[in-house]
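Structure first, commentary second.
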Amino acid sequence: MKQDLFVYNTLTRKKEKFKAINAPHVGMYVCGPTVYSDAHLGNCRTYISFDIIFRYLNHLGYKVRYVRNITDAGHLEGDADEGEDKISKKAKLAKLEPMEIAQKYTVGFHDVMQILNILPPSIEPLATGHVIEQIELVKTILEKGYAYEVDGSVYFDVEKYNSTNDYGVLSGRNLDDLLTNTRSLGGQQEKRGKLDFALWIKAKPETLMKWPSPWSVGLPGWHLECSAMSEKYLGEHFDIHGGGIDLIPTHHTNEIAQNMAACGKTPANYWVHTNMLTVNGQKMSKSLGNSFLPHELFSGENSILNKGYSPMTVRFFMLQAHYRSTLDFSNDAMEASEKGFKRLMNSFGLLKDLKASSTTEVEIKSLSDRCYEAMNDDFNSPVLIAELFEASRIINSVYDGKLKIDAENLELLKQLMNSFVLDVLGLKDEQAAGDDLPQVLNFIVNLRNEAKSSQDYATSDKIRNGLQQIGIQLKDTKEGTNWTKI
RNA sequence: GGUCAGAUGGCCGAGCGGUUAGGCACAGGUCUGCAAAACCUGAUACAGCGGUUCAAGUCCGCUUCUGACCUCCA
């Protein structure tokens, strides 16, 4: 059942058999958020995708060290390296300390991650906490001759690097194309080549976040932190490096160059990239103005939305598409997911009430195999979900007494649903009402059943309609009356 | 302009050489006081034009359209 796992590797543009360097240990690094504003829904999709990968590797028995950084400094804005640090810029506007901004959005990010049931990574390092490591890395790259210093700033020499390495391995672009098609930006007199990028930036008088270094008081370049922190926690060469597909051409390309220049090793075996969330066919992004925040989606408070959708509906919606495909957001698609998710969870809830027969008309093993097959094929969650709907159909049929299942298969079915719905997909039942609602409802349901058995349908319908209006739906079955929250 | 991806039924989305993915919506049926749910059955599909093959959404070429990246982005 645990056949080989295949993972699509951006480096080779193929699905490759996954082989951990140090099995059962797996090192995985994913580029985390820059905490200068709220994470929008598109950001969330990436972290949900890697959450599934993390969860499935764990499920297969790997011991995963999952490192996802927080960029709380060093991420420049505007034209290449001439801009200001994003965090500092925001801080000046709001008259806040940079760390105050970083703290605020870090807390917000964690909240959203938790609401969406995304597991925390094993290590979540901060860029500001690793300036020393970053400075050391710059020193090494300078020593190896792949960088040069100009007036307190240090730049990576891309053309020199490309003479002995392939700078475009990940993006599939060659240097000539890049050179001829890259816009020449102003204010870059210090750089020798137009593709060169900053490793260390000398602080300007107005720079708020700055650290001493051998070259100047300044700040590290953005690409540096991931190289420094992945090496610190996962070593020079680890298993999986991930991030959004939009990080390929610049951030990850530069990261590889830094690592190769410093130690001659490409950081990771498998490069995994998640695709974008689109709205009406266009990438969701802040600059296009079509992005919205998770809490707006939950509450429905955004003009794009007809209504709010629960966090698990959002998660389910995203898992119904493969992580490497673009996923288009629409109200219709959300509503379809909402109903589908309810259907799945409804049958999941029925599982505990199923009775085993002495014979069986279903065989769960092959269904289970197909679930593993789906996930082993580059984490194909939509196919997994299709299989789980088959399980759902079986559960409902058994519950209705239309299908027989024996104890052994029932146990397998329970294991299957628990493993895949809860552990791997990370879905959870949002209907589980705490408090004392069940008792109150049972009382009301009993009242209605009394009316029903005396054929007082006027009263029984009145009760049912009344509950419907406050969001409780009653369903009469052979075994009695059930209720669910709508 | 350059580079790279896509175009699948009313909608969302898998599949990528031969066998109806799945969900939502729709139609018919079973059950039920009626609903709802559930179950059964059904109809719609692979952008266009050529080619390869016994066989092509699935491979190749061209055309059209869309998107991403080339500048910060998950």
Side-chain angles (χ1 to χ4, degrees), chain A residues 13 30-34 36 39-50 75-80 83 86 168 171-174 176-178 180-183 185 195 222 242-251 273-278 281-288 291 316-317 320-322 324-344 346-347 350 370 374 377 380-390 392-393 395-397 399-403 452-453 455-457 460-461 464-465 468 473-478 481-482 484 486:
Chain A
R13 274 153 252 275
V30 172
C31 294
T34 302
Y36 69 102
H40 68 234
L41 205 67
N43 302 307
C44 294
R45 158 123 111 136
T46 295
Y47 302 121
I48 287 178
S49 299
F50 284 106
H75 195 165
L76 297 160
E77 183 165 49
D79 287 353
K86 276 191 175 177
S171 64
R173 292 178 198 183
N174 66 49
D176 290 340
D177 283 347
L178 286 168
T180 49
N181 291 306
T182 298
R183 195 167 51 144
L185 301 168
L195 292 174
W222 174 43
I245 207 166
D246 50 355
L247 296 181
I248 294 173
T250 309
H251 182 55
H273 292 97
T274 58
N275 215 133
M276 301 290 109
L277 181 70
T278 60
Q282 284 215 306
K283 174 179 169 180
M284 178 179 285
S285 78
K286 281 171 197 155
S287 51
L288 282 169
S291 70
F316 184 74
F317 162 71
Q320 275 186 300
H322 186 82
R324 280 191 291 114
S325 303
T326 54
L327 171 62
D328 196 51
F329 179 91
S330 70
N331 281 287
D332 287 349
M334 284 306 298
E335 265 178 58
S337 288
E338 185 176 51
K339 288 184 184 167
F341 176 61
K342 271 187 187 163
R343 193 163 122 79
L344 184 67
N346 186 50
S347 59
L350 256 29
R370 274 181 275 136
D377 183 15
N380 199 327
S381 58
V383 170
L384 170 63
I385 288 173
E387 301 297 352
L388 292 178
F389 273 109
E390 168 67 11
S392 179
R393 212 202 84 245
I395 293 169
N396 291 331
S397 295
Y399 184 78
D400 282 353
K402 289 171 183 159
L403 197 65
K452 236 174 60 158
S453 33
Q455 303 204 335
D456 178 5
Y457 295 125
S460 72
D461 286 353
R464 187 172 63 194
N465 294 338
Q468 175 107 25
Q473 182 160 73
L474 297 188
K475 295 176 205 164
D476 294 329
T477 69
K478 282 177 192 142
T481 305
N482 289 339
T484 48
I486 299 169

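Numbers restart at 1 for each chain; the letters A, B, ... are given by sequence-line order, proteins then strands.
Residues satisfying the side-chain hydrogen bond (donor to acceptor under 3.5 Å, both in side chains) test with A:S291, not counting sequence neighbours, are none. Not counting sequence neighbours, the partners of A:T278 by the side-chain hydrogen bond (donor to acceptor under 3.5 Å, both in side chains) test are A:D328. The side-chain hydrogen bond (donor to acceptor under 3.5 Å, both in side chains) check on A:T46 picks up A:T274, with sequence neighbours excluded. By the side chain to side chain contact (heavy atoms under 4.5 Å, CB included) test, A:M276 is found to be paired with A:I245, A:D246, A:K283, residues two or more places apart in sequence or in another chain being considered. Looking at residues two or more places apart in sequence or on another chain, you find no side chain to side chain contact (heavy atoms under 4.5 Å, CB included) involving A:A386. For the side chain to side chain contact (heavy atoms under 4.5 Å, CB included) test, no residue two or more places apart in sequence or in another chain qualifies with A:A336. Scanning for side-chain hydrogen bond (donor to acceptor under 3.5 Å, both in side chains) contacts around A:R343 gives an empty result, with sequence neighbours left out. Under the salt bridge (charged side-chain N to carboxylate O under 4.0 Å, His left out) criterion, A:D461 pairs with A:R464, not counting sequence neighbours.
For the salt bridge (charged side-chain N to carboxylate O under 4.0 Å, His left out) condition, the pairs that include at least one residue of residues 329-341 of chain A, sequence neighbours left out, are A:K307-A:E338.
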Each base of RNA chain B marked ( ) or [ ] if paired in-strand (Watson-Crick or G-U under 3.5 Å), | if paired to another strand and . if unpaired gives (((((((..(((.....[...))).(((((.......)))))....(((((..]....))))))))))))....
Would you mind building the protein contact string for nucleotides 12-21 of chain B? One character per nucleotide, 5' to 3', B for base within reach (heavy atoms under 4.0 Å), S for sugar-phosphate only, - for untouched. SSSS-----B
Reading nucleotides 43-48 of chain B from the 5' end, what letters show protein touch, with B for base, S for backbone sugar-phosphate only, - for no heavy atom under 4.0 Å? ------
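The side chain of A:F389 lies closest to B:rG23 when the candidates are B:rG23, B:rC24, B:rA37.
Note on A:R343: a side-chain N or O is less than 4.0 Å away from OP1 or OP2 of B:rA38.
Contact annotation: side chain of A:D461 to base of B:rG33, donor-acceptor pair present below 3.5 Å.
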